[in-house]
Amino acid sequence: MKRLIACTLLAFMLFMLFPFGAKADEGMWLPMLIQKYNFADMQSKGFKLTAEDIYSVNQPSIKDAIVIFGGGCTGEVISPEGLLITNHHCGYGNIQKHSSIEHDYLTNGFWAMSRSEELPNPGLTVSFLVRMDDVTQQALAGVTSEMTESQRVEIIKKNSDAISKEVTEGTHYSARVTPMYNGNQYFVFIYEVFTDVRLVGAPPSNVGKFGGDTDNWMWPRHTGDFSMFRIYADKDNKPAQYSAENVPYTPKRHLPISLKGVEPNDFTMVYGYPGTTQQYVTSQAVNEVVNISNPLKISLRDARLEIMENYMRQNDTVRIQYASKQAGVANAWKKWQGERNGLIRLDAINKKQNLESDFNQWVSQDPNRTKEYGHLLNRFSELYTARKPLLVANDLGREAFMAVELIRFVSQFNSAIKRVLTDKEVSEEMLETLVTRSRGFYKDYYQPIDKEIFAEIMKTYAQILPDSLLPNALKQLVASSGDNWSVAAEKLFNESIFTDSTLIINTLADFSKENAGKFKNDMAFQLFAQHDSIFAASIDSSYREINQELDLLYRTYIKGLMEMQPNKTFHPDANFTLRVTYGKIEGYFPSDGVEYTHLTTLDGIAEKAQMGVYDYVVPEKLLKLQAEKDYGRWEVNGSVPVCFLASNHTSGGNSGSPVINADGHLVGINFDRVWEGTMSDIMFDPNMCRNISIDIRYALFIIDKYAGATHLLNEMTLIE
Ligand code: ARG
Ligand code: GLU
């Protein structure tokens, strides 16, 4: 009885705290709306600055220290001289490109001991957000309720282009208009993009990727997942292409670094660019993830990874060539598993179904609601049923067919070949891009891996897909190989001219109609071209059509949900725009009888080193520092803090995001989520969802005591 009272009391208290279903720490908020929606709550949780300190268009604010790093990560500026910190795994591709057997920066790390040693990275950009604005009215100007969805899309596209043009007129900025809440609102984001970004420092992989795939997405974690770059600008502090004349960029704002560390319940805020979430999808969509898409994609990647890893173990050159590719393939593969488990554990499909029946009931109470929303749930059902075979085909296209490197490679020649053969001009630039891409491709290509992947994975592809969706060239190839996929692979790779780097690069130098004809008739290219046209005719457009209608339905559904729950603050799904999420330092209980605390230390690295696991190899020098407790100023309670847990709602893209304390100081760099919480892209669970960050003091310890790059500390603002 006592327990019952206690439970009721607790439930009541929870209800008072989160009266309308808003859960603790869930939400990725738009910086310009913090004042309106979150500030009071943030303050009550300990935040000491103002909303203007987070985001302002009138004065420098923390947002001016945050960047989009490369294609899909976040970074932050930590010195008045454009020094930037992000994750090791975000800089990985670039560190790898500078690496060779002679200069193996992946293995040994890299530290520029002077500015002149900083390494340029063609193609790498960082983007600062100049400003964001609500442009819903302009974006929807001329849109009427009678329009078809594609007419609507067309008008919004036109309006968006006009908005982008207008807001960047006379500047060197670029702009993007992005829908929020599935198109119930529109915002424009204006960016300043820098193109001269140089590598400054990276720890050895045994630090920066410590724990590898064994520990990826998991706690306890000991990864020193950071790397450093510097933004360069022209003499007017404006973006410029790489030039020796460029100078370090002077930012409007850089983040001070706190050396005070973190304690349980401390306020934390993560400021960065989460990629994609789908918080408001229906039960059928969750069913797709749990029972169709994730299982299929996981099994296809199982096969790919096994083959890659087998060859990587046998040969060091191959290990370097495939390091970055393998990490990418393994990363999503493991996440999909955690996400699926988490959704099952949360009983997410049922929860969504309950919400849907509440919604139906709410709709049926009012004829106007019935008119606007009454059709939604049935139509969702119909569309998801129709989508299933298309989804499977689409997954197979991406995860099987296009997983063959050779095929992905030839696909890049498609438009150049088409142009030449129809007497259209192929620009110098287009050819140069192809040459650059070809060089990059061959540098990191090991044919035996690709051949084996082809044999293994295309067999599955051909088994699952109906015959009508298979390229004729593939059927002929396999038939002429006695239905033996290894023989078929052998044949394809022997015959295709795209495996011959010299021939391809020379041909590109003289890209005549005749040469393009040879490319076109190549077996690998034929496979791609046939697949492409079959999918274009039978899959892509139907898939797109269904998705477009789903979009429309979701826009209406979310509007309805908002009306049904007028006191709940809805956060827009992540869409790689700048967001603030806040929570606190806390551990969690991953399973019965197990508690995870919030912090790991260097002692844990030494412990793992004993285990004889490949991913737990520790650099000698680091072990020595640990054994001798040679920690200098970085010692805390007899060790050095390494990683910590907090309850911030993050997603892919938040990698490299700053973790900021109540005073607005940098305490860590976000790099991962815990496995039990990876379903947070679809459903957040305050008990299980934790983000994982490297304690900034570990990064500083590595820079200072391990790498001896102490000069870098001098340009930072360290708060003791
Ligand atoms: N899971 C983290 C993220 O999604 C880290 C990935 C890099 N590490 C790795 N072992 N693949 O990006
Ligand atoms: N490692 C992820 C990234 O690259 C962050 C982890 C997550 O998905 O939360 O963005």
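Predicted model, so just to flag it, every value in this text is computed and none were measured.
- At a cut-off of 3.5 Å, with distance as the only test, no side-chain donor of Arg253 or Ser61 sits close to an acceptor on the other residue.
- Scanning both residues, Leu434 and Ala416, for their nearest heavy atoms gives CD1-CB, 3.8 Å.
- Atom NZ of Lys158 has 12 or fewer neighbouring heavy atoms from other residues, nucleotides or ligands inside a 6.0 Å radius.
- Proximity of a side-chain donor or acceptor of Thr678 to a complementary backbone N or O of Glu339 within less than 3.5 Å is detected.
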Tyr55 vs Ile34, side-chain contact (heavy atoms from CB on, under 4.5 Å): CA-CA, chis, key distance, verdict: CA-CA 8 Å; Tyr55 176 89; Ile34 288 285; over 6 Å; no

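- The side-chain hydrogen bond (donor to acceptor under 3.5 Å, both in side chains) analysis of residues 167-183, with sequence neighbours excluded, yields the pairs His172-Glu192.
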Step-by-step side-chain hydrogen bond (donor to acceptor under 3.5 Å, both in side chains) determination, Ser293 to Asp395: CA-CA 7 Å; Ser293 201; Asp395 282 346; 2.5 Å; yes

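- The backbone N or O of Ser647 sits nowhere less than 3.5 Å from a side-chain atom of Lys584 that would complete a donor-acceptor pair.
- Glu288 and Lys388 are not joined by a salt bridge, as no carboxylate oxygen comes within less than 4.0 angstrom of a charged side-chain nitrogen.
- Smallest separation of non-hydrogen atoms from Ser655 and Thr86: O-OG1, 4.5 Å.
- Between Ile156 and Leu140, some side-chain heavy-atom pair lies under the 4.5 Å cut-off.
- What you find for Pro658 and Leu255 is that their closest heavy atoms are CB-CD1, 3.6 Å.
- Paired with Arg369 under the rule side-chain contact (heavy atoms from CB on, under 4.5 Å), one option of Glu372, Lys371, Gln365 passes, and it is Gln365.
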side-chain hydrogen bond (donor to acceptor under 3.5 Å, both in side chains) between Ser364 and Gln361, intermediate numbers included: CA-CA 5 Å; Ser364 68; Gln361 211 179 355; over 6 Å; no

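- Separation of the Tyr249 and Phe194 ring centroids falls under the 6.0 Å cut-off.
- Using a 4.5 Å cut-off on side-chain heavy atoms (C-beta onward), Asp551 and Asn547 make no contact.
- Taking the side chain as every heavy atom from C-beta outward, Ile349 and Leu343 never approach each other to under 4.5 Å.
- Inter-residue side-chain proximity for Phe576 and Pro274 is flagged as unmet; no heavy-atom pair is nearer than 4.5 Å.
- Side-chain N or O atoms of Thr581 include one that pairs as donor or acceptor with a backbone N or O of His649 at under 3.5 Å.
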Pair Glu154-Lys157, salt bridge (Lys or Arg N to Asp or Glu O under 4.0 Å): steps then yes or no: CA-CA 5 Å; Glu154 205 175 303; Lys157 164 113 190 24; over 6 Å; no

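- Asn670 places no side-chain N or O within donor-acceptor distance of the main-chain N or O of Val270, the cut-off being under 3.5 Å.
- The backbone N or O of Tyr273 lies less than 3.5 Å from a partner atom in the side chain of Thr74, making a donor-acceptor pair.
- When ring centroids are compared, Phe401 and Phe528 stay outside the 6.0 Å threshold.
- Under 4.0 Å is where a charged nitrogen must lie from a carboxylate oxygen, and between Asp53 and Lys63 no such pair does.
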side-chain contact (heavy atoms from CB on, under 4.5 Å) between Gln151 and Val143, intermediate numbers included: CA-CA 8 Å; Gln151 286 169 324; Val143 170; over 6 Å; no

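- Residues Cys689 and Phe684 share a closest heavy-atom pair of CB-CE1, 3.5 Å.
- Inter-residue side-chain proximity for Leu553 and Arg379 is flagged as met; some heavy-atom pair is nearer than 4.5 Å.
- Relative ring orientation between Phe189 and Phe187 is described as tilted, the plane-to-plane angle lying within the 30° to 60° band.
- Aromatic ring pairs are classed by plane angle as parallel below 30°, tilted from 30° to 60° and perpendicular above 60°; the pair Tyr554 and Tyr384 is perpendicular.
- A donor-acceptor contact shorter than 3.5 Å links the side chain of Asp234 to the backbone of Asn237.
- For Glu166, the CD atom counts as loosely surrounded, since its 6.0 Å shell holds 12 or fewer non-hydrogen atoms of other residues, nucleotides or ligands.
- Judged purely by atom type and a 3.5 angstrom limit, Arg340 uses its side chain to pair as donor or acceptor with the backbone of Val290.
- Atom CD of Glu563 is surrounded by more than 12 heavy atoms from other residues, nucleotides or ligands within 6.0 Å.
- For the residue pair Arg387 / Thr385, no side-chain donor-acceptor distance below 3.5 Å is found, with atom types taken as modelled.
- Side chain of Thr195 to backbone of Ala240: a donor-acceptor contact under 3.5 angstrom is found.
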Chi angles and distances behind the side-chain contact (heavy atoms from CB on, under 4.5 Å) call for Ser693, Ile669: CA-CA 5 Å; Ser693 308; Ile669 307 159; 5.8 Å; no

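- A heavy-atom distance below 4.5 Å is found between the side chains of Leu666 and Glu76.
- Side-chain atoms of Glu356 and Ser283 include a donor-acceptor pair closer than 3.5 Å.
- No donor-acceptor pair under 3.5 Å is formed between the side chain of Gln279 and the backbone N or O of Gly27.
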Stepwise ring pair (Phe, Tyr, Trp, His ring centres under 6.0 Å) check, Tyr280 with Phe570: CA-CA 10 Å; Tyr280 305 109; Phe570 285 67; 5.6 Å; yes

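- Side-chain contact between Val77 and Ile231 is present, with heavy atoms from C-beta onward closer than 4.5 Å.
- Looking at heavy atoms from C-beta onward, Arg579 lies in side-chain contact with Pro572 at the 4.5 angstrom threshold.
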Can you give me every donor-acceptor pair (side chain of residues 128-136, partner residue at least two apart or in another chain, under 3.5 Å) with its distance?
residue, atom, partner, partner atom, Å
Arg131, NE, Asp133, OD2, 2.8
Arg131, NH2, Asp133, OD2, 3.1
Asp134, OD1, Thr136, N, 2.9
Asp134, OD1, Thr136, OG1, 2.5
Thr136, OG1, Tyr186, N, 3.1
Thr136, OG1, Tyr186, O, 3.4

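- Listed by first then second residue, pairs satisfying disulfide bond (SG atoms under 2.5 Å apart) with a partner in residues 144-186 number zero, not counting sequence neighbours.
- Under a cut-off of 6.0 angstrom, the local environment of CD in Gln59 is crowded, with over 12 non-hydrogen atoms contributed by other residues, nucleotides or ligands.
- Lys235 approaches Val247 most closely through the heavy-atom pair CA-CG2, 4.4 Å.
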side-chain hydrogen bond (donor to acceptor under 3.5 Å, both in side chains) evaluation trace for Thr282 with Gln284: CA-CA 5 Å; Thr282 64; Gln284 295 99 337; 2.8 Å; yes

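- Geometric assessment of Lys45 against the ring of Phe267 yields a negative cation-pi assignment under the 6.0 Å and 45° thresholds.
- Relative ring orientation between Trp29 and Tyr37 is described as tilted, the plane-to-plane angle lying within the 30° to 60° band.
- Asn648 places no side-chain N or O within donor-acceptor distance of the main-chain N or O of Asn691, the cut-off being under 3.5 Å.
- Salt bridge annotation for Glu549-Arg544: absent, with no cationic side-chain nitrogen under 4.0 angstrom from a carboxylate oxygen.
- Ring geometry for Trp362 versus Tyr373: interplanar angle of 30 to 60°, hence tilted.
- Under the 3.5 Å distance criterion, with hydrogens and angles disregarded, no donor-acceptor pair is assigned to the side chains of Glu52 and Thr50.
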